[in-house]
Protein chains: 2
Amino acid sequence: MPSATVENYVKKILVLSLETSEGQVGMGEIAKGLDVAAGTATSMIKTLEREKLVRYKSRQGVTLTAKGRKLGMDMLRRHRLVETFLVETLGLDWTEVHQEAEELEHAISDKVLDRLDEFLGRPEFDPHGDPIPTKDGKFAERRIRNLLECQSKQPCTIKLLTDQSTDFLNFARRKGLVPGTAVEVTNRDLISDAVELGVGKGKPFTLGSKAAKKILVSS
Amino acid sequence: MPSATVENYVKKILVLSLETSEGQVGMGEIAKGLDVAAGTATSMIKTLEREKLVRYKSRQGVTLTAKGRKLGMDMLRRHRLVETFLVETLGLDWTEVHQEAEELEHAISDKVLDRLDEFLGRPEFDPHGDPIPTKDGKFAERRIRNLLECQSKQPCTIKLLTDQSTDFLNFARRKGLVPGTAVEVTNRDLISDAVELGVGKGKPFTLGSKAAKKILVSS
DNA sequence: GACGAGACTTTGACTAATCAAAACCAAATC
DNA sequence: GATTTGGTTTTGATTAGTCAAAGTCTCGTC
Ligand SMILES: [Mn+2]
Ligand SMILES: [Mn+2]
Ligand SMILES: [Mn+2]
Ligand SMILES: [Mn+2]
């Protein structure tokens, strides 16, 4: 059976490859993402290759094999189901469950995971709005997006603010950006790295991408 | 923080020392109990000594320090709370939860453990009848005993049969030894290694110690 | 008191995962 | 075409945990 380390690498590669659309992931991203030295990633990738979990072209990048994708999806499922349990059942805050799940995902057996899934009512989304893969690796669309990801001119509702610092919360309150408020991205400018946002009937204002990323909405 | 391995060793030493009353545990028991080579245990014990978790007299045995007992009790608490959760909440069978808990006990944070404890209603006993230590390492008496452990002439009720094999279950049914039945140990003979048992008003019969150990009762 | 058996310890070797630093490569710049 | 530079790979070392097998003690028996 794969070690926790192998599981973490494969999960990270899957997530990165989903973000980049081409499916090829660079060594640097992996090392960065897992907070290990570059050489550590290189050598671990060779192990994964021996296990037929990835294909690896030296100095080009890594792609998951079918076997790797399967394992990755399974880990994503574990991770997100555990997060859901921690929030729904034990009442932890959604901002703190990621770290917990990072450990528990490796310790939970298939059987227990199944029971947990059943107990939770086979949820489709985790507390962060990320879809929970089914046992056969199926995937819904992300339900919650941040303001950078969401489409222009589409009305949507603020769900959460990722940055819980007082400064940010105060700024948000001043602008009327509180959960429940209807907003709409009126314009997006990739060059100036900003998003123009309409709140209710007030006049639209502009938000930098850093801030836009911290505001989660559902449509 | 202690590794999972360290936690397993300390927990095992605690359990063994509780069984033997003198609190001193031999190297052989530890190696056997953890299913490692004798030399592995010796070298690991030296590590535990460096961490001030045990006192170690070469070729004599090991005792826990206060720090070690604390860690051991904490692990026992984790283990048994997790078992309780798996049975009570997820409906697993009490015969299969030990292995699951063996992994999960290391992956669960203090915070999550606390919430779990609360969620379960601060249970005092795990599904095997073993007491769950409180956060400050307090301990109730074992609630469920096997027929070898329970006192003579004390009426008690059959709770569980540890051996689930068809042969054993058939034998038990023939003798009326099913959960719920009131029984009483009428006599115990350590030399012949047997227990005389009265079931209801039928005439008492004798059980070997192997079989007696498989029958759990509460009083 | 010597002997042997069984328990315990030591030794030497191995694996997984990691890092720091040196070596290397490829692509953009001069 | 030569050079620089930034990412990648290689190298050499380290740590935790493990085993097999060789060596050492201790204790009960003669
Ligand atoms: Mn993880
Ligand atoms: Mn999540
Ligand atoms: Mn364990
Ligand atoms: Mn138990």
Side-chain angles (χ1 to χ4, degrees), chain A residues 1-13 16-17 19-20 22-64 67-68 71-72 75 102-103 105-107, chain B residues 1-13 16-17 19-20 22-64 67-68 71-72 75 102-103 105-107:
Chain A
M1 287 300 94
S3 67
T5 305
V6 167
E7 292 179 340
N8 283 334
Y9 273 83
V10 171
K11 174 158 65 85
K12 180 58 74 179
I13 294 165
L16 289 172
S17 74
E19 279 172 11
T20 58
E22 322 142 31
Q24 178 140 114
V25 182
M27 207 49 79
E29 299 175 84
I30 299 171
K32 199 85 183 292
L34 293 168
D35 198 34
V36 295
T40 305
T42 302
S43 95
M44 195 62 203
I45 289 302
K46 288 181 180 169
T47 313
L48 299 189
E49 194 184 30
R50 245 175 285 122
E51 301 292 330
K52 306 226 187 300
L53 291 163
V54 301
R55 262 173 305 266
Y56 167 48
K57 288 252 169 72
S58 190
R59 284 167 207 275
Q60 300 212 136
V62 176
T63 51
L64 288 176
K67 185 180 171 197
L71 176 58
M75 292 316 296
E102 204 53 61
E103 298 299 320
E105 63 188 1
H106 312 290
Chain B
M1 286 300 95
S3 67
T5 306
V6 166
E7 292 179 340
N8 283 334
Y9 273 83
V10 170
K11 174 157 65 81
K12 180 58 74 179
I13 293 166
L16 289 172
S17 75
E19 279 172 10
T20 58
E22 322 142 30
Q24 179 139 115
V25 182
M27 206 50 80
E29 299 175 84
I30 298 171
K32 199 86 183 289
L34 293 167
D35 197 33
V36 294
T40 304
T42 302
S43 93
M44 194 63 205
I45 290 302
K46 287 180 180 169
T47 312
L48 299 189
E49 195 184 29
R50 246 174 283 121
E51 301 292 328
K52 308 228 186 300
L53 290 163
V54 301
R55 265 174 302 266
Y56 167 49
K57 288 252 170 72
S58 191
R59 283 169 208 274
Q60 298 211 139
V62 175
T63 50
L64 288 176
K67 185 180 171 198
L71 176 58
M75 292 316 297
E102 204 52 63
E103 299 298 322
E105 62 188 1
H106 312 289

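Order of the sequence lines fixes the chain letters, A, B, ..., with proteins taken first and strands second; residue numbering starts at 1 for each chain.
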**Q** Testing Thr47(B), Leu48(B), Leu53(B) for side chain to side chain contact (heavy atoms under 4.5 Å, CB included) with Arg50(B), which one passes?
**A**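 It is Thr47(B), the one option of Thr47(B), Leu48(B), Leu53(B) that forms the side chain to side chain contact (heavy atoms under 4.5 Å, CB included) with Arg50(B).
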**Q** Indicate the atoms forming the closest heavy-atom contact of Met75(B) with Lys11(B), along with that distance.
**A**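 Heavy atoms only, the tightest pair is CB-CD, 3.8 Å.
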**Q** When you check the phosphate oxygens OP1 and OP2 of dT18(D), does a side-chain N or O of Tyr9(B) lie under 4.0 Å from one of them?
**A**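 Tyr9(B) to dT18(D) OP1/OP2: side-chain N or O found under 4.0 Å.
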**Q** Between residues 39-49 of chain B and DNA chain D, which residues have a heavy-atom gap below 4.0 Å?
**A**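 Output list: Thr40(B), Ser43(B), Met44(B).
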**Q** Ignoring the backbone of Arg59(A), work out which of dC25(C), dT18(D), dT9(C) is nearest its side chain.
**A**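 Per side-chain heavy atoms of Arg59(A), the pick is dC25(C).
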**Q** Has Arg55(B) got a side-chain atom pairing as donor or acceptor with Leu64(B)'s backbone, closer than 3.5 angstrom?
**A**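 Yes.
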**Q** Going through the checks in order, is the side chain to side chain contact (heavy atoms under 4.5 Å, CB included) test met by Val6(A) and Glu51(A)?
**A** CA-CA 10 Å; Val6(A) 167; Glu51(A) 301 292 330; 5.9 Å; no
**Q** Just wondering, more than 12 heavy atoms not from Lys32(A) lying within 6.0 Å of its NZ?
**A**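 Atom NZ in Lys32(A) is not crowded, with 12 or fewer foreign heavy atoms closer than 6.0 Å.
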**Q** Identify which nucleotide among dT18(D), dT9(D), dT9(C) has an atom closest to any side-chain atom of Met27(A), counting heavy atoms from C-beta outward.
**A**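 Ranking dT18(D), dT9(D), dT9(C) by closest atom to the Met27(A) side chain puts dT9(D) first.
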**Q** Can you tell me if Ser3(B) touches the phosphate of dA16(D), counting only side-chain N or O atoms and a distance under 4.0 Å to OP1 or OP2?
**A**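 No, outside the criterion.
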**Q** Kindly compute the distance separating CD (Gln24(B)) from CD (Glu29(B)), expressed to the nearest 0.5 Å.
**A**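 With rounding to 0.5 Å, CD (Gln24(B)) is 9.5 Å from CD (Glu29(B)).
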**Q** Looking at Tyr56(B), does any N or O in its side chain come under 4.0 Å of the phosphate oxygens OP1/OP2 on dC8(C)?
**A**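 It does not, given that no N or O in the side chain of Tyr56(B) lies less than 4.0 Å from OP1 or OP2 of dC8(C).
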**Q** Show the nearest heavy-atom pair for residues Ala41(B) and Ala31(B), with the distance to one decimal.
**A**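 Heavy-atom minimum between the residues: CB-CB, 3.9 Å.
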**Q** Nearest heavy-atom pair of Leu34(B) and Asn8(B): which atoms, and what distance?
**A**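 Looks like CD2-O, 3.9 Å.
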**Q** Output the single nucleotide from dT9(C), dT8(D), dC19(C) whose closest atom is nearest the side chain of Ser58(B).
**A**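 Selected nucleotide: dT9(C).
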**Q** Hey, what are the protein-to-nucleotides 2-4 of chain D N/O distances that come in under 3.5 Å?
**A**
none

**Q** Any idea which of dT26(D), dG7(D), dT18(D) is nearest the Thr5(B) side chain?
**A**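 Between dT26(D), dG7(D), dT18(D), the one nearest the side chain of Thr5(B) would be dT18(D).
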